[in-house]
Amino acid sequence: MDLMLDIETLGTTPDCVIVTFGAVKFDPYSLREPTDGIYMRLDADEQIARGRKVDEDTLQWWMTQPDVVREEAIGEGDRWDIESFIQVLNKFLVGVDAIWAQGPSFDMVILENLYRQYGYPQPWLYYQIRDSRTLFKVHGDPRVAGREGHHNALADCVYQAQGVQQIYNRFGIKKYPD
């Protein structure tokens, strides 16, 4: 089983604040709906107190988003502390073969920095990382632009996982025995 993850942040540097995290498990070799999703809104104040950064341009960009999108990402309440987030994510990653992101040089680098800052070893290995953005660029993006739920980390994960599944299916990509 593979995992697609997505984060929403208050910056673009490795040490920026993460405001939401989403992940789903999926089988890229089938068209079965992604399952076992997790979605967590993270405590920005805790991260800022630990020295993580907020980029003013990114914050201004969030202010241009629809109210419902902005409130979900940066509104108050129902926030997870980072230690609990890391524990939940570590458990969720057990048994995962590959971790996909829409640009791992963003999502994975920021997560790696967070783990390092909080003193946790990252629970994935470099060779497990996959890049859906590159796959969509090489093949052509099978997803439809302008969909609902854009910039919701969990909705983005489901949509990206389905795109990977569609491409694998279109090309008849099969899993080779280990």
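Position 1 is the first residue of the sequence, and the numbers go up from there. Since the structure is predicted, the reported quantities are computational estimates derived from the model, not experimental observations.
- Leu42 contributes atom CG, which lies 10.5 Å from atom CG of Asp78 (distance to the nearest 0.5 angstrom).
- Tracing side-chain contacts under 4.5 Å through hydrophobic residues (I, L, V, M, F, W, Y), one reaches Ile74 starting from Ile48; they form part of the same cluster.
- The shortest distance between side-chain heavy atoms of Tyr168 and Leu31 does not fall below 4.5 Å.
- With rounding to the nearest 0.5 angstrom, the CG atom of Asp15 is 10.5 Å from the CG atom of Leu114.
- Side chain of Arg130 to backbone of Leu135: no donor-acceptor contact under 3.5 angstrom is found.
- To the nearest 0.5 Å, the span separating CD1 on Ile7 from CZ on Phe106 amounts to 5.0 Å.
- Residues Gln166 and Gln162 bring no donor and acceptor atom of their side chains to less than 3.5 Å of each other.
- Going from atom OH of Tyr118 over to atom CD1 of Ile82 covers 5.0 Å, rounded to the nearest 0.5 Å.
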Audit row: Val24, Leu154, side chain to side chain contact (heavy atoms under 4.5 Å, CB included) steps and yes/no: CA-CA 7 Å; Val24 292; Leu154 183 57; 3.5 Å; yes

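- Distance alone, capped at 3.5 Å, is enough to place a donor-acceptor pair between the Gln117 side chain and the Arg50 backbone.
- A heavy-atom distance below 4.5 Å is not found between the side chains of Thr20 and Asn152.
- Between Glu46 and Arg52 there is no salt bridge, since no side-chain nitrogen of the basic residue lies less than 4.0 Å from a carboxylate oxygen of the acidic one.
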Residues Glu56, Gln60; criterion side chain to side chain donor-acceptor pair (under 3.5 Å); working and verdict: CA-CA 6 Å; Glu56 195 59 40; Gln60 289 304 314; 3.3 Å; yes

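- Looking at Trp62, its side chain does come within 3.5 Å of a backbone N or O of Thr9 through a donor-acceptor pair.
- Within the 4.5 Å cutoff, no side-chain heavy atoms of Phe26 are placed close to those of Asp36.
- Between the side chain of Arg79 and the main chain of Val19, a donor-acceptor pair closer than 3.5 Å is present.
- Remark: the backbone N or O of Ala101 is not paired with any side-chain donor or acceptor of Gln160 at under 3.5 angstrom.
- Counting only heavy atoms from C-beta outward, the side chains of Met108 and Leu5 approach each other to under 4.5 Å.
- Within the 4.5 Å cutoff, the side chain of Leu111 has heavy atoms near those of the Ile18 side chain.
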Under 3.5 Å, sequence neighbours excluded: what are the donor-acceptor pairs made by side chains of residues 90-100?
{"residue": "Asn90", "atom": "OD1", "partner": "Tyr115", "partner atom": "OH", "Å": "2.6"}
{"residue": "Asp97", "atom": "OD2", "partner": "Met1", "partner atom": "N", "Å": "2.9"}
{"residue": "Trp100", "atom": "NE1", "partner": "Asp2", "partner atom": "OD2", "Å": "2.9"}

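- Residues Glu8 and Glu72 form no side-chain contact, since every pair of their non-hydrogen atoms from C-beta on lies 4.5 Å or further apart.
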